[in-house]
Amino acid sequence: MATKREFDADDTSSAKRVKMENGNGSLDPASNPYLAHWNEPMAKKDPSNSADRLHSFKRHATTAKQAKAAEDGPINPFTGKTLSNNYFSILHKRRDLPVHQQREEFLKLYQESQILVFVGETGSGKTTQIPQFVLFDDLPQLNAKMVACTQPRRVAAMSVAQRVAEELDVELGAEVGYSIRFEDKTSPSTILKYMTDGMLLREAMHDNNLTRYSTIILDEAHERTLATDILMGLLKEVVLRRPDLKLIIMSATLDATKFQKYFHNAPLLAVPGRTHPVEIFYTPAPERDYVEAALRTVLQIHATEEEGDILLFLTGEEEIEDACRKINLETQDLIREDAAGPLTVYPLYGTLPPAQQQKIFSPAPPPLKPGGRPGRKCIVSTNIAETSLTIDGIVYVVDPGFSKQKVYNPRIRVESLLVSPISKASAQQRAGRAGRTRPGKCFRLYTESAFKKELIEQTYPEVLRSNLASTVLELKKLGIDDLVHFDLMDPPAPETLMRALEELNYLACLDDEGELTTLGRLASEFPLDPALAVMLVTSPEFYCSNEILSLTALLSVPQIFVRPASNRKRADEMKDLFAHPDGDHLTMLNVYHAFKSDDAQANPKQWCHDHFLSYRALQQADNVRLQLKRIMEREELELMSTPFENKKYYENIRRALVAGFFMQVAKREGNGKTYTTVKDEQNVLLHPSTVLAQDSEWVVYNEFVLTTKNYIRTVTAVKPEWLLDIAPNYYDLATFKKGEIKQALQRVVTKMERKEAEKGRR
DNA sequence: GAGCACTGC
């Protein structure tokens, strides 16, 4: 039984290798005490060992006592090797974690119930310990299955896997591994796999019952990412089809009963966390200018509070950089007056290069003179410090109560970022950041009554704030036929679903009955938005799949052009070197080709720096391109180019663009600067960053940006004939409202018909 | 004449 997984494993070559080595017993450190220290990977995998070591364990009938005895060694029950000293010293600390108090209780509920909701506050140890508790009772190795534990973020999946591998005294990637986009660190011997929630969702698309797993743990479920929400809906159905599958939903306290209710009143187990108390202060009256109030508060803390670092939450890059400058200036004044010690200010936001992000972990500055006023650091951060990054040593948190949040307006099909009040849950999370190392203080720049009466309980889950086109495509691929009755924890507005279905229908991914088409099935194989996926899948028809492949990759990574405030002119000049008069898409492609040239590859980092391009983004694009290319090859989509000398080289690319983005087209109004989007009839302006000459009558755009004005960004000129030709369903003139756009298209139709007729006469 | 919160496949 125990060796069965070798034959089930995807990686047949390594499975074979394991088998051969198993034949040679003397190489197995478990059976040869003189080789127990031997750490060569080739000698370690032997799944049958675990069955031997845990032979007295009856699946789903074990006790905490049994597990503890097995953990106490001296032999590693999963590898058969002697446990290291490091292992025992960690084991000692692990047993101190709050979750260990309730191991027996956990096992009982886990064994009794198919679904379990587990609530553990920060510091409870749930993410590292619960999967191990499961391992000793679920014994996935006996059935050639795995235990999966999902995380919303890649870094978390990687770092937790690393930690748990150390705790179990195994090599990372062997019994404990992780799986994230671009990196699968697992092997045939893996029995515990940490992975991103998106990754598990991808797997589910090819294996609707997730048969590789015997237990699935959804961690950080309270974050309610799109992937977690869909997985919950899916797993709710899968558990009915697979009575052998167990499911654990892990969450921070807040919303636990909601999860419980959603899963037919599944049992709930709560474990306290281990944090220090945080004292909360409110302002007596509402603040008019939250940035100004925040700066004042930071300086006051610095001048009057005892030692300890400060974390200030603001909403975006510009606001943060500005605040950092001001805090620095004011601190100089305080120091001159000898009213405060030194203060180092660090900005923190997602688009900051990793090296700069790392700086926040440097220690606070020492007093200016021995015995002088204490120095401290102040971190001014976006929401990234709320969940993704934890900084030890923070004692003071300043929370103005705002963050930028994505909102989706299905009426005009536009996602945009809006500065909005945070939720109570967010406010609590922010305050908690002050109590990680010792008791702290949190200064909320709003009144207590505003907190109680105005803040919503929870931030709306992503599923209620997003365009659901790709989600609907995924659900179809997951085998969900009846979307309207698919049981999501928070069902989105019917209009959002209708919009998504409509969009997919126009893209020919769904037929008129709402069934997945061949194109839709192909498109769903790509980790891309449907429009991009359709553009890529159809690009061979336009003889430019190589180029569209590059472009697709470029469009799915962050901005490649860098434009530092101090050197805008030079940056713009450099961009002009790559500019293509027909538009930004072609310009980006020129950049990519230049980046891949031998000249640039000699020293790509320097080359990017010299040309004001983001090396990180271009490298990422390269990575994405490779992944997409592999999928294209697997799906037998041909990779080809129109010869560069051919007149149609760029025209073919522009036509292929239309095949995916025909719903994102705008027409210039008269000879002016304003454009109107087709069908939705929004008035928009070309984003000032465009290289496109103002005289293009019809353009496709990649995104709609709602800021001070309505902009369309990344635009390329197209011909109206192509629209009618390539997307006849969408450009069925009968469906257009009366107006300038319809008239213009009507004229094009007439012209095309006349040409056609002339051709016929000749 | 501009400003991308944060993730993820």
Side-chain angles (χ1 to χ4, degrees), chain A residues 150-157 179-184 195-206 220 223-231 313-322 348-352 381-389 402-407 415-420 422 426 429 459 461-462 465-466 470-471 473-474 477 523-530 532-533 553 556-565 568-569 571-572 575 614 617 620 623-624 627-628 631 673 685-691 694 702-703 705-714:
Chain A
T150 68
Q151 298 293 321
R153 283 167 292 278
R154 285 188 213 163
V155 266
S179 176
I180 58 177
R181 187 182 188 182
F182 305 126
E183 196 184 2
D184 181 9
M195 63 205 301
T196 47
D197 49 12
M199 199 72 206
L200 185 62
L201 193 61
R202 273 278 144 192
E203 283 188 11
M205 288 167 68
H206 288 108
E220 315 290 358
E223 287 195 29
R224 304 290 308 277
T225 65
L226 247 172
T228 294
D229 270 15
I230 300 165
L231 279 170
F313 285 101
L314 289 178
T315 62
E317 174 176 341
E318 194 182 292
E319 203 176 82
I320 286 169
E321 293 290 356
D322 199 41
L348 176 63
Y349 42 86
T351 47
L352 209 60
S381 171
T382 61
N383 253 3
I384 194 169
E386 198 179 299
T387 46
S388 309
L389 265 167
F402 292 96
S403 69
K404 272 193 191 169
Q405 288 166 33
K406 186 172 76 181
V407 286
E415 284 181 345
S416 50
L417 286 169
L418 268 184
V419 173
S420 329
I422 59 169
S426 265
Q429 179 73 19
T459 310
E462 225 185 329
R465 297 183 286 123
S466 311
S470 40
T471 303
L473 188 62
E474 280 163 18
K477 182 78 209 270
S524 73
E525 292 297 322
F526 293 89
L528 294 169
D529 273 346
L532 279 172
S556 44
V557 299
Q559 186 65 252
I560 57 170
F561 296 104
V562 178
R563 200 163 177 267
R568 287 186 183 152
K569 202 164 155 256
D572 291 348
K575 187 173 172 184
S614 162
Q620 242 174 298
N623 224 347
V624 173
Q627 187 192 26
L628 299 176
I631 302 174
K673 280 187 172 175
L685 293 168
L686 298 184
H687 195 274
S689 64
T690 189
V691 299
Q694 287 280 347
N702 183 58
E703 59 181 336
V705 196
L706 266 175
T707 51
T708 45
K709 292 172 184 146
N710 292 350
Y711 289 110
I712 48 175
R713 187 160 54 186
T714 313

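In what follows, chains are A, B, ... by sequence order, proteins preceding strands, each numbered from 1. Side-chain atoms are counted along with the backbone in the values below, which use heavy atoms only and exclude waters and symmetry mates. Keep in mind that what you see is a predicted model, and the values were worked out from it rather than measured.
- Judged purely by distance below 3.5 Å, without hydrogens or angles, the side chains of A:E386 and A:S426 pair a donor atom with an acceptor atom.
- Under 4.0 angstrom from either OP1 or OP2 of B:dC9 there lies at least one side-chain N or O belonging to A:R154.
- As judged by a 4.0 angstrom heavy-atom cut-off over every strand, A:T225 is placed among residues making no nucleic acid contact.
- Candidate nucleotides B:dG1, B:dT7, B:dA5 were compared by shortest atom distance to the side chain of A:K673, and B:dG1 ranks first.
- The NE2-C1' distance, from A:H206 to B:dC9, rounds to 12 Å in whole Å.
- Counting to the nearest Å, the P atom of B:dG1 and the CD1 atom of A:I712 are 16 Å from each other.
- For the side chain to side chain donor-acceptor pair (under 3.5 Å) test, residues two or more places apart in sequence or in another chain that qualify with A:D572 are A:R563.
- Between B:dG1 and A:S689, no contact under 4.0 Å exists linking OP1 or OP2 to a side-chain N or O.
- Residue A:E386 contributes atom CD, which lies 13 Å from atom C1' of B:dT7 at whole-angstrom precision.
- Nucleic acid contact class of A:Q405 (heavy atoms, under 4.0 Å, all strands): none.
- When rounded to the nearest whole Å, the span between CZ of A:R465 and P of B:dT7 equals 14 Å.
- Separating the CG atom of A:L685 from the P atom of B:dG3 is a distance of 11 Å, rounded to the nearest angstrom.
- When heavy atoms are screened at a 4.0 angstrom cut-off, A:R153 is found touching the sugar-phosphate backbone but no base atom.
- In this structure, CD of A:E462 is placed 11 Å from P of B:dG8, rounded to the nearest angstrom.
- Of the candidates B:dC4, B:dT7, B:dC6, B:dC4 carries the atom nearest the A:R713 side chain, counting heavy atoms from C-beta on.
- Counting only distance, with no hydrogens or angles, the side chain of A:K575 and the backbone of A:S689 share a donor-acceptor pair below 3.5 Å.
- Within the 4.0 angstrom heavy-atom criterion, no nucleotide atom of any strand lies near A:P558.
- Distance A:Y349 OH to B:dG3 P: 16 Å, rounded to the nearest Å.
- A:K406 and A:S466 are linked by a side-chain donor-acceptor pair at a separation below 3.5 angstrom, with hydrogens and angles left out of the test.
- Set against B:dC9, B:dA5, B:dG3, the side chain of A:R181 has B:dC9 as its closest nucleotide.
- For A:L417 and B:dC4, the CG to P distance is 7 Å, given to the nearest whole Å.
- Note on A:K406: every side-chain N or O is 4.0 Å or more away from OP1 and OP2 of B:dT7.
- Relative to the side chain of A:P527, the nucleotides B:dA5, B:dG3, B:dC9 differ in distance, and B:dC9 lies closest.
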